Amino acid sequence: VMSLGAQLSTRGIRTVPDCKLAVLTSEGPKLVDTQEIFGDKKVVCFSIPGAFTPTCQTRHVPGYVEQAAEFQKRGINVACVSVNDPFVMKAFAHETKASEANIMMLGDWDGSFSSALDRTQDISGAGLGIRGTRFAFYADNGEILAMFDEPGKDVTVSGAKHMLEYVQSKTA
């Protein structure tokens, strides 16, 4: 069993960065301010290096799809962010059933969100360029209360199971 404090580090970052994330609406692409997404709400946000990449598609997102209702019944929204455009994120949401689970799929279209959180990686060697790292955080009204960075390529501390255990430990 993993300690709930495993990999817990905000690197001095205490609030959700003020920037814009992209979503695809029925009217087309829309940039949404992070204050609108995280302000006055409890949110578990997890970051994936790329939509349609193997670990993200087969392990990371499906875990949150399975557990989304558990977060939501505690009044916690679930958001997935990736350095991708909103068209890719919408297609990925459909493919993984994240949209059916009411998981917000947010495109960090210019990488500013991941960069402001000091969580980027250069995976140009795999043809992916600068991407966000794999991590998850829990925020209440824009204040980051816990941040969990993956130590490797697997899904452990940033996964739905670990994040649900964390929020249960704080709301029990």
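Remember, it's a predicted structure, so these values are computed and weren't measured experimentally.
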Distance in Å, Arg14 CZ paired with Ile144 CD1, rounded so as to fall on 0.5 Å steps: 9.5 Å
Chi angles and distances behind the side-chain contact (heavy atoms from CB on, under 4.5 Å) call for Leu21, Thr34: CA-CA 7 Å; Leu21 295 167; Thr34 49; 4.0 Å; yes
From CG (Asn141) to CG (Asp40), nearest 0.5 Å: 4.5 Å
Side chains of Ser158 and His60, donor plus acceptor under 3.5 Å: yes
Hydrophobic cluster membership, Val16 vs Leu106, 4.5 Å side-chain cutoff: yes
Test side chain to side chain donor-acceptor pair (under 3.5 Å) applied to Lys153 - qualifying residues, sequence neighbours left out: none
Side-chain donor-acceptor pair present, Thr133, Glu150, cut-off under 3.5 Å: no
Test item: Asp85 side-chain N/O and Val88 main-chain N/O as donor-acceptor pair under 3.5 Å: yes
Sub-4.5 Å side-chain heavy-atom contact between Val83 and Phe113: no
Atom pair CG (Asp108) and SG (Cys80), whose distance is rounded to the nearest 0.5 Å: 11.0 Å
Least distance between heavy atoms, Ser112 atom then Cys19 atom: OG-CB, 3.8 Å
Inter-residue atom distance Ile76.CD1 - Lys41.NZ, 0.5 Å rounding: 14.0 Å
Same cluster (ILVMFWY, side-chain, under 4.5 Å), Trp109 and Val23: no
Approximate separation, where rounding is to 0.5 Å, of Thr25 OG1 and Lys30 NZ: 7.0 Å
Side chain to side chain contact (heavy atoms under 4.5 Å, CB included) partners for Lys90, two or more places apart: Leu24
From OG1 (Thr120) to CD1 (Ile130), nearest 0.5 Å: 6.0 Å
Contact summary for Met105 and Ala93, nearest pair of heavy atoms: CG-CB, 3.4 Å
Hydrophobic cluster identity match, Val65 and Met163, side-chain contacts under 4.5 Å: yes
Donor-acceptor contact present, side-chain Ser169 to main-chain Tyr166, <3.5 Å: yes
Side-chain heavy-atom pair Tyr64, Phe46 within 4.5 angstrom cut-off: yes
Residue pairs fulfilling side chain to side chain donor-acceptor pair (under 3.5 Å) with at least one residue in residues 69-82, sequence neighbours excluded: Glu70-Lys73, Glu70-Arg74, Ser82-Asn84
4.5 Å side-chain heavy-atom contact, Val61 and Phe92: yes
Shortest non-hydrogen separation from Asp149 to Val157 and the atoms involved: O-CG2, 3.3 Å
Which atom of Ala139 lies closest to which atom of Phe38, heavy atoms considered: CB-CD2, 4.5 Å
Note, Arg134 side chain near Val155 side chain (heavy atom, < 4.5 Å): yes
Within-4.5 Å side-chain heavy-atom neighbours: Val43 and Phe137: no
Any Phe148 side-chain heavy atom under 4.5 Å of Thr156 side chain: no
Single-linkage hydrophobic cluster, 4.5 Å side-chain cutoff, Val81 and Met147 together: yes
Cluster overlap Ile103 with Tyr138, hydrophobic side-chain contacts below 4.5 Å: yes
Nearest atoms (heavy-atom pairs only) where Ala91 meets Phe52: C-CZ, 3.7 Å
